[in-house]
Amino acid sequence: GRLPELTSLEGKEWTRLGVGLATAFDGVTVSNPALQKRYGGQIIRHARDEKVFQPSPELSRQSRKKFKVPTDKKVVLFFGTPREHKGLLETARAIAGLGRKDVVFAVVGDFPDPALKQKLQEIKGVETLFLGNQPVQSIPEVTALGDVCVLLQEPGAMVSNFQIPAKLTDALAMGRTVILQDLPPTADVIQSGAVIPVCCHG
């Protein structure tokens, strides 16, 4: 008979209320085609301030210096919340399969599940750099650390079929090469040719 408390707005109760009322509003915005197909509305992508997201070789050098990554290394970047469905293990195994000494897998973000981090540490043949959560204002600097940004999602996970990674926008805004999972939420991005698509992983 009453609304939930105004806490945990991203939690289940408020999400269910929001979803249930989605068609009751005069205007609806969504972030990707998969959500548009379900709820209608206008697609408005995640946006970034181009005055702040200014890619440059100097910024990349500064970022490498701050995070102690040699300039002669190639950095494969994962930036976000490391979770099981985001393809970190598959990415690490792919890097290990290259057999190269000049590639670093930088994982930026705190692990909700320490077991996932342990699994990553057990993969041989890949140099993995673990960096914890970074301040929001440091996103351009952190993104500039990478040469390639890998954004995989487990196709069988419910979230993968409706969520578009916010870090996709960060990476493209900073001019990074992006390897992106081919899933319904990212279909139009892949069709645009802005990323390198992968059909599956595992």
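We use all heavy atoms of the structure for the numbers below, so side chains are in, but hydrogens, waters and symmetry mates are not.
Transitive grouping of hydrophobic side chains (ILVMFWY, heavy atoms separated by less than 4.5 Å) brings V150 and L89 into a common cluster. There is no path of hydrophobic side-chain contacts, each under 4.5 Å, that joins F111 to L129. Grouping the Ile, Leu, Val, Met, Phe, Trp and Tyr side chains by contacts below 4.5 angstrom, directly or via other members, places I95 with F78. Using a 4.5 Å cut-off between side-chain heavy atoms of Ile, Leu, Val, Met, Phe, Trp and Tyr, with links allowed through other members, V195 and L152 fall into different hydrophobic clusters. Criterion: ILVMFWY side-chain heavy atoms under 4.5 Å apart, direct or through other members. Under it, V75 and F79 are part of a common hydrophobic cluster.
Q134 places none of its side-chain heavy atoms less than 4.5 Å from the side chain of I139. Looking only at side-chain heavy atoms (C-beta outward), L180 and P197 stay at 4.5 Å or farther from each other. Side chains of V198 and D182 form no contact here, defined as non-hydrogen atoms less than 4.5 Å apart. Side-chain contact between I43 and P33: present, with at least one pair of heavy atoms (C-beta onward) separated by less than 4.5 Å. Counting heavy atoms from C-beta outward, M174 and L59 have side chains that approach closer than 4.5 Å. You'll find the side chain of V142 reaches within 4.5 Å of the side chain of F67, heavy atoms only. Annotation: side chain of S160 is not in contact with side chain of Q181 (no heavy-atom distance under 4.5 Å). Under the 4.5 Å side-chain criterion, counting only non-hydrogen atoms from C-beta, T91 is in contact with F105.
G40 and V30 make their closest contact through O-CG1, 3.7 Å (heavy atoms, listed as atom of the first residue, atom of the second, distance). When all heavy atoms are compared, the tightest approach of Q36 to Q42 is NE2-CA, 4.4 Å. The minimum heavy-atom distance linking K124 with A96 is given by the pair O-CB, 3.3 Å. Closest heavy-atom contact between A92 and I123: CB-CD1, 3.7 Å. Taking all atoms of both residues into account, the shortest heavy-atom contact from T143 to A171 is CG2-CA, 3.7 Å. Across all their heavy atoms, G132 and V108 have their closest contact at O-CG1, 3.7 Å.
No donor-acceptor distance shorter than 3.5 angstrom exists from the side chain of R83 to the backbone of P112, with no hydrogens or angles considered. With Q54 contributing its side chain and E50 its backbone, the two residues share a donor-acceptor pair below 3.5 Å. A donor-acceptor contact shorter than 3.5 Å links the side chain of W14 to the backbone of E5. T186 places no side-chain N or O within 3.5 Å of a backbone atom of I164 that could act as its donor or acceptor partner. No donor-acceptor pair under 3.5 Å is formed between the side chain of Q153 and the backbone N or O of L151. With hydrogens and angles disregarded, no donor-acceptor distance shorter than 3.5 Å links the side chain of S63 to the backbone of A144. The main-chain N or O of V189 is found under 3.5 Å from a side-chain atom of S192 such that the two form a donor-acceptor pair. Judged purely by atom type and a 3.5 angstrom limit, T15 uses its side chain to pair as donor or acceptor with the backbone of G11.
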Legend entry - Stepwise side-chain contact (heavy atoms from CB on, under 4.5 Å) check, D188 with R45: CA-CA 11 Å; D188 59 337; R45 290 286 186 196; 2.3 Å; yes
Inset, instruction - Determine, step by step, whether R48 and D170 satisfy the salt bridge (charged side-chain N to carboxylate O under 4.0 Å, His left out) criterion, reporting the C-alpha distance in whole Å, the side-chain angles of both residues, the deciding distance to 0.1 Å, and the verdict. - result: CA-CA 7 Å; R48 297 295 181 266; D170 298 330; 2.4 Å; yes
Legend entry - Stepwise salt bridge (charged side-chain N to carboxylate O under 4.0 Å, His left out) test for R61 and E58: CA-CA 5 Å; R61 282 192 293 270; E58 180 57 31; 2.9 Å; yes
Inset, instruction - Begin from the C-alpha positions of K86 and E154 and carry the test salt bridge (charged side-chain N to carboxylate O under 4.0 Å, His left out) through to its verdict. - result: CA-CA 6 Å; K86 294 186 178 180; E154 176 57 51; over 6 Å; no
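A salt bridge links R64 with D147: the distance from a Lys NZ or Arg NE/NH1/NH2 to an Asp or Glu carboxylate oxygen falls below 4.0 Å. The pair K73-E127 meets the salt-bridge criterion, since a charged nitrogen lies less than 4.0 angstrom from a carboxylate oxygen. Ionic pairing of D110 and K117 is not present here: no N-O contact between side-chain nitrogen and carboxylate oxygen is shorter than 4.0 angstrom. Between R100 and D102, at least one side-chain N (NZ, or NE/NH1/NH2) sits under 4.0 Å from a carboxylate O, which counts as a salt bridge.
Between the CD atom in Q118 and the CG atom in D113 there is a gap of 11.0 Å [rounded to 0.5 Å]. The CD atom of Q121 sits 8.5 Å away from atom OG1 of T128, with the distance rounded to the nearest 0.5 Å. Atom NE2 of H85 is separated from atom CD of Q163 by 6.0 Å, given to the nearest 0.5 angstrom.
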